[in-house]
Amino acid sequence: MKIEGKKRIWQDYQKEIADDSYFYVRSCVRQNFFPASEKIFLKILKEELFKDIYENASHTTCSGIGYHSDVVPFETTMTIIARQFALMTEAGYENFVSSCITSFGLYSEVLETWNHFPEVEDRIREHLLKATGRQFNKPKNLAHASDVIYKFRKEIGERGKFRLINCKSGKPLKGVEHIGCHYSKMFPSKGIGGAEYPYVLVGMIEEWGGEVIDYPERRHCCGFGFRQYLVKANRGYSIACSKKKFESMEPYHPDFILTNCPGCPMFLDRWQYAISEMEGKTYGPDGQGIPVLTYEELAGLILGYNPWDLGLQVHQVPVEPLLDKMGIPYNPETKFLGKNGEDLGRPEAPSFLHFYPETK
Amino acid sequence: MKQSVIIIGGGIAGMEAAASLARMGIEVTIVEKENALGGHLLQWDRLFPDRKRSDEVLEYLKKEMDSSISVETGCSVKEISRENGNFRIILDNEKILNGNALLLATGYDLFNARKKEEYGYGIYENVITSAELEGFLRKNPQPGLMKGFQVKRIGIIHCVGSRDEKVGNLYCSKLCCITAVKQAIEIREILPDVEVFCFYMDLRMFDRHFEEMYYEAQKKWGVHFIRGRLSEADENPDHTLILKVEDTLTGLPLKMTVDALILMVGMTPSAGTKKLADMAGALSGEDGFLMPSDEHLQPNETTVPGLFLTGAVKGPVSVGNTLADARAAALKIYEYFSRMAG
């Protein structure tokens with residue numbers, strides 16, 4: 001692998017990311033999958049970087065999952081998205097930041113459609129006005145939340161208490177990065193680093209002391225692929241896709257997987273558990289899995305936040321091996337306590353994946 | 001008074017046209033941006049289908065070049081203007097040239113394989129272009145293509161940058177298929193134990209002896225031809241490459257490991273052609289190559305009197321056909337001067 005070649009491509013795919021004053025829209029599913037990620041993003045922006053970021057409780061789904069499953073027509077999707085832009089306009093913001101990759105891809109697709117077909121934009125404006133009485137300006141800047149963390153990766157690193165360095169050996173920890181398909185595969189110019197050699201997550205890992213692994217199946221689908229999972233009969237494809245990736249990355253001994261999509265961390269995390277139950281196979285040493293993180297969770301760890309405040313206890317693949325390598329202290333006794341200190345109960349230990357705290 | 005022609009481009013089209021024009025008693029000046037005449041042929045080893053050494057063609061062209069032909073190498077055209085039916089050209093070294101006719105022979109550029117990012121050119125260690133293989137064959141016609149390990153399999157990818165809407169080139173470069181066949185045979189000749197796999201969309205063996213060469217590649221040299229376009233290449237830790245292709249004849253996805261990948265890069269309009277054409281008043285097609293006034297009846301003329309085209313500036317063309325086209329252009333310029341003389 002020639003790093004100069006990759007750097008040349010990265011230079012070709014840079015984009016403008018607003019510096020401040022963001023209108024933030026959440027994902028439909030991330031708060032269930034990785035409950036603290038969005039909260040941590042807001043905390044980092046407000047309390048660490050002192051940025052103005054605003055969200056509106058009236059924000060709804062972008063309809064992306066319905067759209068990509070062919071149950072919501074594009075006309076409806078565009079009108080829903082026009083309404084999100086109206087919320088931004090009414091709040092006095094111009095920089096739109098999406099938490100979800102599918103939403104980000106869809107916002108990009110809608111803006112591109114309107115760019116090429118202004119008459120469609122006019123029609124959607126009319127639909128929105130008739131249905132809701134709302135009007136809107138298009139965002140001046142559209143970014144995915146991982147773009148924003150990427151933009152401030154140096155500041156986060158400088159404020160950080162921990163680094164992606166093995167505290168015992170002093171060597172960089174090895175990370176696999178996996179971007180969501182809708183981040184840049186539809187519009188390579190909308191993603192940092194493009195679609196084939198994306199840089200958005202690489203930039204974070206490198207800035208925070210780690211090393212990125214290039215493995216043969218790094219472009220392969222995480223396993224979600226919408227219909228692979230949403231159509232129940234297809235779920236064998238979903239887990240087969242994830243397995244193909246795990247098998248391909250395993251020889252490189254990754255310490256963690258970093259993602260920027262709602263679906264990818266879900267499937268790369270949960271399917272490791274499922275594969276271990278089905279085949280007794282784990283992809284880390286001594287029955288460990290490969291911990292899977294969202295970029296907000298990783299930023300939170302770098303900044304020294306309590307891992308249990310980051311929601312890492314709800315991951316199916318335990319993250320303790322990574323915390324140990326980074327030298328991050330944690331209290332096993334409080335892992336399954338709620339925010340109010342209430343004992344939430346412990347999940348049943350998996351048959352093969354090493355479970356923390358040790359129960360067997 | 002002697003009539004004069006300025007030829008922009010000192011590749012094989014420009015050289016052959018200059019030689020023909022000089023033989024007709026016309027004064028010729030060639031302007032070439034590189035420091036030597038010969039164009040792409042300088043980098044090439046052998047030509048299809050007869051495997052003639054490219055040096056032989058270059059030697060022939062050099063011998064043909066009359067000493068009366070003026071050559072301006074290492075300089076580019078800054079300005080073209082037309083006054084009273086004549087052309088005035090200012091070079092970047094401020095030299096001024098005047099001619100009664102202008103012949104554009106600025107040729108082509110090879111497609112930049114980096115644009116097909118998923119093939120890994122410039123990123124993976126063992127991905128090279130067809131032109132780089134020619135350069136290698138020119139210098140090292142001996143076994144041992146890859147250093148440090150034993151080569152077992154080589155993949156050849158057709159249509160890189162051609163017939164590809166994604167990179168904006170819908171046209172066929174038409175010479176890459178036969179180049180792939182030629183290079184596959186050459187690899188088998190110098191590395192007989194290496195398996196060669198050509199991945200193609202169609203095999204466009206359009207000219208005389210091409211089809212026979214394709215058969216020879218299969219029957220005599222055992223080259224494998226797989227109909228399918230490469231979707232992506234990935235690199236293994238040992239720098240071998242994993243290819244993912246759909247074999248469209250069996251209808252099955254195919255995954256193969258090769259030690260090296262050779263990309264058959266297509267032909268694109270040369271970098272400066274558009275600017276020159278705009279200055280001279282020539283028209284470009286949607287593909288960026290220049291348009292003659294009639295592709296059937298006036299393939300060398302343009303809509304501007306006295307402005308002529310030859311060679312790959314009009315689209316992908318073989319060496320033999322380029323030379324024939326250059327002679328035709330010279331004849332058309334001669335006829336133009338005869339008409340002007342009345």
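- For CZ of A:Phe74, the number of neighbouring non-hydrogen atoms (other residues, nucleotides, ligands) closer than 6.0 Å is greater than 12.
- Looking at B:Lys115, there are no atoms closer than 4.5 Å to chain A (heavy atoms on both sides), in backbone or side chain.
- Contact annotation: the side chain of B:Tyr124 approaches that of A:Met1 to within less than 4.5 Å [non-hydrogen atoms, C-beta and beyond].
- The environment of NZ in A:Lys281 is crowded: more than 12 heavy-atom neighbours from other residues, nucleotides or ligands sit within 6.0 Å.
- In terms of non-hydrogen atom pairs under 4.5 Å with chain B, the most contact-rich of A:Arg218, A:Lys6, A:Glu196, A:Lys7 is A:Glu196.
- Annotation: A:Phe187, atom CZ; neighbour count of heavy atoms from other residues, nucleotides and ligands within 6.0 Å is above 12.
- More than 12 heavy atoms of other shown residues, nucleotides or ligands fall within 6.0 angstrom of atom CD in A:Glu119.
- In this structure, B:Glu189 places its CD atom where more than 12 heavy-atom neighbours from other residues, nucleotides or ligands lie under 6.0 Å away.
- When all heavy atoms of B:Ile123 and A:Gly5 are compared, the pair lying nearest together is CG1-C, 3.7 Å.
- To the nearest 0.5 Å, atoms CG (A:Asp12) and CZ (B:Arg114) are separated by 10.0 Å.
- Between A:Arg219 and B:Asp234 there is a side-chain heavy-atom pair separated by less than 4.5 Å.
- The residues A:Glu217 and B:Lys244 are annotated as salt-bridged, a charged nitrogen and a carboxylate oxygen being separated by less than 4.0 angstrom.
- Counting heavy atoms of neighbouring residues, nucleotides and ligands inside a 6.0 Å radius, atom NZ of A:Lys171 does not exceed 12 of them.
- Rounding to the nearest 0.5 Å gives a distance of 8.0 Å between CD of B:Glu118 and OH of A:Tyr197.
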